[in-house]
Protein chains: 2
Amino acid sequence: MTRELPTPLLMFIAHRAAEGSIFTALRDAGFTDVTQAQGRLLAGIDPTGTRLTVLADRAGIAKQTATALVDKLEAAGYVQRVPDPGDGRARLVRLTGRAEAMIPVARAEEQRIEGEWAAHLGPRRMRQLREALTQLREITDPYVGQ
Amino acid sequence: MTRELPTPLLMFIAHRAAEGSIFTALRDAGFTDVTQAQGRLLAGIDPTGTRLTVLADRAGIAKQTATALVDKLEAAGYVQRVPDPGDGRARLVRLTGRAEAMIPVARAEEQRIEGEWAAHLGPRRMRQLREALTQLREITDPYVGQ
DNA sequence: CTAAATTGGTTCGATTCACGAACCAGTTCG
DNA sequence: CGAACTGGTTCGTGAATCGAACCAATTTAG
């Protein structure tokens, strides 16, 4: 009999499983040199490029950490830093072709997981889950500015 | 306008906020020398003591990592290792009085968060959220044996 | 009932993650 | 213009993480 676990812990368990699956799928697809922390950062980069501080906020890490992660990603050829035309101080972190090649893989695994979860919960409950989580974001996401 | 985020990411956001709050509450209560990773491990120790490998499984980390974390927790006086009467190889990690003193603080903050979330979602949706997450555990928790 | 395989745990070594503090170069504000 | 702020980097340090190898106790196979 499973005891009642705290809601945040339940989220942790499910999230960890999903992230692990995506990580494994990417590894199996040949992207063996991306770590989970680097992957989380990559996931925050928009198609037009994103500033480092924004990436740090999205991932919930300090900007120094983001600098180090981007350094590695750049060395591995997944991103490049280009000057931000709108602000001389800033630079935009852009995905390279190599990184873009991993997007379909990640998306596919993501879809597979969502499907698996929906199959287990049923469409109604899955929808309820997503609605509740999305609404919860209003009070738990420090980075509401998306 | 917020785009549709993947379900696992939504969980990550909420979980991170909750864990951060509990961590801060503990720090404010004077438990300044416990890190988040150590706290996650502590949370997995039952009142009667728990084996290291079980703790590692619950936290989703390698046993070497658990050894290192328990080393630090033991040095800081939060746990102690006692022989497992049922198995000569094993030892049980037990909470000390100092660690037990932090339980009420963590529980209280946990309750506050659950209450805050329930207030934001409404009781019905909060219940749906917990039910869905609990059911999801059946296919996402590698450590079902609890 | 011994020998082999398994299990609980530790040690070693190396990599990664993470952040405070300090700093520089641009930008914005008064 | 000068002050305050913002985007980013560098430096130094501590924490987390795990593969590999190992030991001791237990369980399993023959």
Side-chain angles (χ1 to χ4, degrees), chain A residues 12 16 19-20 23-24 27 31-45 49-76 78-94 142-143 145, chain B residues 12 16 19-20 23-24 27 31-45 49-76 78-94 142-143 145:
Chain A
F12 175 69
R16 184 180 57 194
E19 195 178 56
F23 185 69
T24 302
R27 228 179 11 78
F31 301 99
T32 56
D33 53 351
V34 180
T35 67
Q36 299 212 24
Q38 291 168 17
R40 273 195 289 270
L41 210 72
L42 276 180
I45 304 178
T50 308
R51 291 190 189 170
L52 188 115
T53 48
V54 173
L55 289 183
D57 283 347
R58 286 185 185 168
I61 57 178
K63 57 181 179 176
Q64 306 98 299
T65 308
T67 297
L69 291 174
V70 169
D71 283 349
K72 300 220 169 125
L73 285 169
E74 192 167 32
Y78 286 104
V79 303
Q80 55 184 43
R81 287 181 243 228
V82 301
D84 183 335
D87 189 329
R89 296 165 296 183
R91 303 156 82 180
L92 293 177
V93 180
R94 295 268 286 268
Y143 186 75
Chain B
F12 175 69
R16 183 179 59 193
E19 194 178 59
F23 184 69
T24 301
R27 232 182 5 82
F31 301 99
T32 56
D33 53 351
V34 181
T35 67
Q36 299 211 24
Q38 291 169 18
R40 273 195 289 268
L41 209 73
L42 276 180
I45 303 179
T50 308
R51 290 190 189 170
L52 189 116
T53 47
V54 173
L55 288 183
D57 283 346
R58 286 185 185 167
I61 57 178
K63 57 181 180 177
Q64 307 98 300
T65 308
T67 297
L69 291 175
V70 168
D71 283 350
K72 298 210 172 139
L73 286 169
E74 192 166 32
Y78 285 104
V79 303
Q80 56 184 42
R81 287 180 242 227
V82 301
D84 183 335
D87 190 327
R89 296 165 296 182
R91 302 156 83 180
L92 293 177
V93 179
R94 295 269 284 269
Y143 185 75

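For the numbers below, each heavy atom of this structure counts, side chains included, while hydrogens, waters and symmetry mates do not. In what follows, chains are A, B, ... by sequence order, proteins preceding strands, each numbered from 1.
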Query - Nucleic acid footprint by protein, nucleotides 20-30 of chain C - heavy-atom cut-off 4.0 Å, B for base, S for sugar-phosphate alone - result: BB---BBS---
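Contact check, A:R81 against D:dG8: no side-chain N or O comes under 4.0 Å of OP1 or OP2. For the pair A:T67 and D:dG8, the criterion of a side-chain N or O lying under 4.0 Å from OP1 or OP2 is not met. Here A:R40 does not reach the OP1 or OP2 of C:dC17: none of its side-chain N or O atoms lies under 4.0 Å away. Distances shorter than 4.0 Å separate none of the side-chain N or O atoms of B:Q36 from OP1 or OP2 on C:dA18.
Closest approach to the B:T65 side chain among C:dT10, D:dC18, D:dG8 is made by D:dC18 (side chain taken as heavy atoms from C-beta onward). In the set D:dA16, D:dG7, C:dA18, D:dG7 carries the atom at the smallest distance from any side-chain atom of A:A90. The side chain of A:K72 lies closest to C:dT16, out of C:dT10, D:dT9, C:dT16.
Counting non-hydrogen atoms under 4.0 angstrom, B:T53 reaches the backbone sugars and phosphates but no base. Here B:T35 lies in heavy-atom contact (under 4.0 Å) with sugar-phosphate atoms only.
One finds the CZ atom of B:R89 at 9.5 Å from the CG atom of B:D84 (value rounded to the nearest 0.5 Å).
Heavy-atom minimum distance, A:T50 versus A:G44: OG1-O, 3.8 Å. Across all their heavy atoms, B:T35 and B:F23 have their closest contact at C-CE1, 3.7 Å. Contact between B:R27 and B:T32 at its shortest, heavy atoms only, is O-CG2, 3.8 Å.
Direction of the helix axis in the helix from C:dC1-D:dG30 to C:dG30-D:dC1 shifts by 40° between the two five-pair termini, rounded to 10°.
For the pair B:D33 CG and D:dA16 P, the computed distance is 12 Å after rounding to whole Å. The interatomic distance linking A:L55 (CG) with D:dT6 (P) rounds to 19 Å, in whole Å. The distance from atom CG of A:L42 to atom P of C:dC17 is 11 Å, rounded to the nearest whole Å. Regarding A:L69, its CG atom lies at a distance of 12 Å from the P atom of D:dT9, rounded to whole Å. We find that CZ of A:R58 is positioned 14 Å from P of D:dG7, with the value rounded to whole Å. In this entry the distance linking CD of A:E19 with P of D:dT17 reads 13 Å, nearest Å. The distance from atom CD1 of B:I61 to atom C1' of C:dC17 is 15 Å, rounded to the nearest whole Å. Nucleotide C:dC17 holds its P atom 9 Å from the CZ atom of A:F23, rounded to whole Å.
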Requested in this report: Please lay out, stage by stage, how B:R51 and B:D87 fare under the test side chain to side chain contact (heavy atoms under 4.5 Å, CB included).
Outcome: CA-CA 11 Å; B:R51 290 190 189 170; B:D87 190 327; 3.6 Å; yes
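Of the residues near DNA chain C, A:G60 and B:R51, the one whose nearest nucleotide (by heavy atom distance) lies more toward the 5' end is B:R51.
Not one N or O on the side chain of A:R40 forms a donor-acceptor pair closer than 3.5 Å with the backbone of A:R58. Judged by distance alone, with hydrogens and angles left aside, the side-chain atoms of B:E74 form a donor-acceptor pair with the main-chain N or O of B:R81 at under 3.5 Å. Listed for the B:R91 side chain is no donor-acceptor partner under 3.5 Å among the backbone atoms of B:Q80.
Looking at B:L41 and B:I61, their side chains come closer than 4.5 Å, going by heavy atoms from C-beta outward.
With A:T67 as the fixed residue, the side chain to side chain contact (heavy atoms under 4.5 Å, CB included) test singles out one of A:T65, A:V70, A:D71: A:D71.
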